[in-house]
Number of protein chains: 2
Amino acid sequence: MADTSTRTVERALLLLGTVCDRGSVTLADAARDAGLSASTALRLLRTLEGTGFVRRDDNGYRPGMRVVQLGAQALSHESLVSLAEEALERLVDSTGESAYLNVPSHDGHGIYLSVREGTHSVRHTSWVGRSIPLEGSAAGAVLRGRTAEDGFVVVSNGIEPDVTAIAAPVISGGHVVAALSVVVPSYRITDDGARRIGRQVAAEAAGILTPPPTNTPPTNESTSPGAQA
Amino acid sequence: MADTSTRTVERALLLLGTVCDRGSVTLADAARDAGLSASTALRLLRTLEGTGFVRRDDNGYRPGMRVVQLGAQALSHESLVSLAEEALERLVDSTGESAYLNVPSHDGHGIYLSVREGTHSVRHTSWVGRSIPLEGSAAGAVLRGRTAEDGFVVVSNGIEPDVTAIAAPVISGGHVVAALSVVVPSYRITDDGARRIGRQVAAEAAGILTPPPTNTPPTNESTSPGAQA
DNA sequence: ATTTGTATTTCACTTATTGAAACGCTCATT
DNA sequence: AATGAGCGTTTCAATAAGTGAAATACAAAT
């Protein structure tokens, strides 16, 4: 894994990241943030501008339309979100709580790929694209393959205070490719309730890539143990 | 040399574009598509991979999670979409037809920034991020400032056959910043009907950036993506 | 066995990127 | 007015960094 990467491009993408993070940023800020000299940052931002990835207004640089365009395209090509749609909906229907689909991202993080809001007036809220640490969160534990025997993970008051997260793995080819999760305000749930929802989430997660109708012959490809009961 | 742009970065972004367009593409195809040598394409794609903008699976390169993440962030910072929400909803309610918010993109195109589907069982459909030519479309004419006296543009069977598009400009600081539009199957509408909807769209478009109550100076700082109450 | 296509590595060439410095500018301070 | 601080921008010489042809290896198709 020698240095097969181009510094210029890395820097430009870094810059793009800070622009999107901040929503609106001045040249000097962006340069500082990315650790670049002003002239370099200017040149790269201009390139990004010329390709529509950022745009300028009087206040500085802002995410360009190309970013939302590519993002939307990418999402639409993500078959997981359509496959998980029904499962998310069933979870919301039967629990009234917010349900999510999380996938691993490039750095040691996960992100929310799909969101279905709960029906309770007090409910957990998140959004597509939001970043989630892999440690200290239920979905993160699942994504790292740390699922317990019973097929789901419960984390109370972890990263986010006052909420209990319940997650289960979506498995494909022996690998965890996503986490299905339900997040509920802690005051509203008991240990038993969490287990009940846990079993439900695990069942839905298992069903996402193995639709019930077909009777798949036993194809055994398990790298990691516990390919589900 | 007034050409201040970085070839490497341009190429990498071009590559990213083809990957997102195709959804899944092999190295050789991507290289051909972007007009690059295989070795260069490989190097750039690896850089994109290392930053999460693309990922690989057995079939080749696919859009990475970073793209959907940045796209979602960019959309959330786009205040226009929240400002236009109610207008879109009212248009759908009163016409039953699909209503859209279009903005100019970098190359001579526009894109769908917000979508509200109509209620008729036969209705026009599009999606966020979709590209739209600026010529031959109602929204395009509006975005180019070609709006007629009466404040709206009607195009029947232009780019898309069998549909009539009705668009009006969202104006800020004397510039057209977006187009609000309603698209209806041509068989369902008369000239008079189009004019009626046209006036409606124009009124809604005019109201998007001029809501009477608040006097907000353009100091938009969305600091942390915190949950709003 | 041969052909075709792909992914990957290597390497000499030199192009294209880099950052300090200088400049003009606006705004706030003295 | 004068001063200073900060920003955006341009210039330019040094050289770091990207480039692509060719070679290699592998796989699948003929």
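Values reported hereafter were calculated over all heavy atoms of this structure, with side chains retained and with hydrogens, waters and symmetry mates removed. Here is the naming used below: chain letters follow the sequence lines, and residue numbers restart at 1 for every chain.
- Between A:R32 and D:dC7 there is a side-chain N or O to OP1 or OP2 distance below 4.0 Å.
- The CG atom of A:L44 sits 14 Å away from the P atom of D:dA17 (whole-angstrom rounding).
- The side chain of A:R43 contributes no N or O atom lying less than 4.0 Å from OP1 or OP2 of C:dT17.
- Residue B:R11 places no side-chain N or O under 4.0 Å from the OP1 or OP2 atom of C:dA16.
- Residues A:I132 and A:A139 share a closest heavy-atom pair of CD1-CB, 3.9 Å.
- Remark: the backbone N or O of B:T18 is not paired with any side-chain donor or acceptor of B:D33 at under 3.5 angstrom.
- The nearest whole Å value for the distance from the CG atom in B:L45 to the P atom in D:dG20 is 14 Å.
- Look at CD on B:E10: it is 12 Å from C1' on C:dA16, rounded to the nearest Å.
- Among the nucleotides C:dG19, C:dT8, C:dT17, the one closest to any side-chain atom of B:T8 is C:dT17.
- In this structure, A:R46 places its CZ atom 10 Å from P of D:dT11, rounding to the nearest Å.
- For A:E10 and B:R43, the salt-bridge test fails: no basic side-chain N is under 4.0 Å from an acidic carboxylate O.
- With hydrogens and angles left out, the side chain of A:S39 and the base of C:dG19 share a donor-acceptor pair within 3.5 Å.
- Between A:R7 and A:L42, the residue anchored nearer the 5' end of DNA chain D, judged by the nucleotide with its closest heavy atom, is A:L42.
- Nearest heavy atom pair, residue A:V153 against residue A:T147, reads CG2-CA, 3.8 Å.
- Of the residues near DNA chain D, B:L36 and A:T26, the one whose nearest nucleotide (by heavy atom distance) lies more toward the 5' end is A:T26.
- Nucleotide C:dT6 holds its C1' atom 8 Å from the CG atom of B:L27, rounded to whole Å.
- Here C:dT8 presents its P atom at 9 Å from CD of B:E49, a figure rounded to the nearest Å.
- The two residues A:V182 and A:A99 make their nearest non-hydrogen contact at CG2-CB, 4.2 Å.
- When rounded to the nearest whole Å, the span between CG of A:D33 and P of D:dC7 equals 13 Å.
- Atom CG in A:L15 sits roughly 14 Å away from atom C1' in C:dT18 (whole-Å rounding).
- Side-chain proximity of A:A28 to the nucleotides C:dT18, D:dG8, D:dT19 is greatest for D:dG8.
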